[in-house]
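Atoms within each ligand, like the ligands themselves, are counted from 1 in listed order. Only this structure's heavy atoms are used, side chains among them; waters, hydrogens and symmetry mates stay out.
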Amino acid sequence: MTSVAAPTVVHTRAPGKINVFLAVGDLQDDGYHDLATAYQAVSLYEDVRARHADGFTVSVTGGPSIDVSGVPTDGSNLAIKAARLLAETTGYTGGVALTVDKAVPVAGGMGGGSADAAATLLACDTLWGTGVGRDELLRLSARLGADVPFAFAGGTAIGTGRGDELSPALAKGQFQWVLAVADVGLSTPRVYDELDAHRLRHQGEIRSVRHPVVDAGVLQALRAGDPGMLADAMHNDLQAPALHLQPGLADVLELGEGNGALAGIVSGSGPTVAFLAPDLDGALELQIALSAARLTVVRATGPVHGARVVTD
Ligand code: C5P
């Protein structure tokens with residue numbers, strides 16, 4: 001008889017995301033905005049390794065263009081919160097030592113912290129043998145942040161509510177992205193506050209948005225796998241407030257669009273700028289042009305899978 005030994009280390013991986021469309025509605029009583037977004041998971045991954053321990057710890061490392069100095073390693077780290085949530089929910093009494101290796105820009109609007117949380121839930125469930133299952137992990141992930149369910153699910157999806165109510169979207173082919181990573185991150189709540197302040201200043205000119213919806217052109221472009229169509233339909237309501245907080249992003253957008261990008265968009269709450277390229281050659285040319293302008297640039301493709309266990 002053979003028995004399967006319990007794992008001593010579990011390695012999981014979850015992707016970053018680009019919001020190819022993001023419409024923000026009114027501020028709700030719970031402090032969140034109602035929104036309608038189209039997410040695409042892209043090939044920048046957060047790698048989490050989990051080992052048995054008595055307490056809950058995390059150490060964080062980053063790839064070449066990733067500055068991890070601002071990432072907390074105390075209880076406020078989203079990976080620690082995820083591990084604790086799973087332990088509390090399942091009654092697991094031990095702990096975990098986590099290492100997070102980041103490839104998604106920090107505080108960049110690409111859901112890196114959310115990917116850490118999603119990958120950690122899966123890693124701890126596997127390490128601890130809590131057997132919670134994907135559906136329950138997906139449900140738990142919504143309690144950790146609006147973008148965490150999507151980091152878990154991956155692929156292409158429409159998010160409503162806070163962004164955590166997902167429905168899959170049909171998508172064909174691969175899209176080529178070039179990402180300009182800013183030196184200084186932006187706080188998501190600050191960008192939403194700036195949007196609210198702008199709407200308040202211009203009350204009367206701007207109508208309030210009760211139920212935002214994803215533009216039909218976006219769904220059509222994703223279904224067709226057509227980058228030209230998607231470029232025409234991309235939109236982000238958080239772009240204007242992000243530009244207001246970091247005016248230099250306007251030059252970055254202009255530079256990319258002047259060097260072959262079909263379109264550029266601030267990703268989520270920014271400040272990462274995502275450029276959609278017509279194809280791989282176009283993406284490589286754009287990467288060279290932006291790097292020559294001394295920007296920190298990474299390339300990615302999408303859509304890709306969600307959180308999964310990696311067999312080393
Ligand atoms: O859920 P998460 O922790 O990612 O959200 C961070 C912050 O972003 C929230 O505290 C809120 O200020 C803002 N937010 C929002 N509406 C959403 C999602 C996020 O106002 N739908």
- List the closest protein heavy-atom neighbour of atom 16 (N) of ligand 1: residue, atom name, distance to the nearest 0.1 Å. His33 N, 2.8 Å

- Message: To check your reading of the model: name the closest protein heavy atom to atom 13 (C) of ligand 1, its residue, and the distance in Å.
- Response: Tyr192 CD1, 3.4 Å

- Item | Under-4.0 Å heavy-atom contact with ligand 1, by part of Tyr32 that carries it | both

- Between OG1 of Thr89 and CZ of Arg143, what distance do you get to the nearest 0.5 Å? 5.5 Å

- Does Leu35 have a heavy atom less than 4.0 Å from any atom of ligand 1? yes

- Query: Between Glu194 and Arg201, does at least one N-O distance fall below 4.0 Å, as a salt bridge requires?
  - Reply: yes

- Where is the tightest heavy-atom contact between Ala14 and Ala115, given as atom of each residue plus distance? CB-O, 3.4 Å

- If we number the atoms of ligand 1 from 1 as shown, the ones under 4.0 Å from a heavy atom of Gly145 are 1 (O)

- Item | Val273: which of Val252, Val178, Leu295 passes side-chain contact (heavy atoms from CB on, under 4.5 Å) | Val252

- Donor-acceptor pair, side chain of Trp177 and main chain of Val298, under 3.5 angstrom: no

- Task: Please check if the side chain of Thr301 supplies one atom and the backbone of Gln176 the other of a donor-acceptor pair under 3.5 Å.
- Result: no

- Item | Best match, Pro189, Ser187, Ala146, Gly163: closest heavy atom to atom 1 (O) of ligand 1 | Ala146

- Is there a nitrogen or oxygen of Arg162 sitting under 3.5 Å from a nitrogen or oxygen of ligand 1? yes

- Query: Of all the non-hydrogen atoms in the protein, which one sits nearest to atom 6 (C) of ligand 1, and at what distance?
  - Reply: Thr188 CG2, 4.2 Å

- Query: Nearest protein heavy-atom contact for atom 11 (C) of ligand 1: which residue, which atom, what distance?
  - Reply: Gly31 O, 4.0 Å

- Item | Backbone N/O of Gly163 and side chain of Tyr39: donor-acceptor pair under 3.5 Å | yes

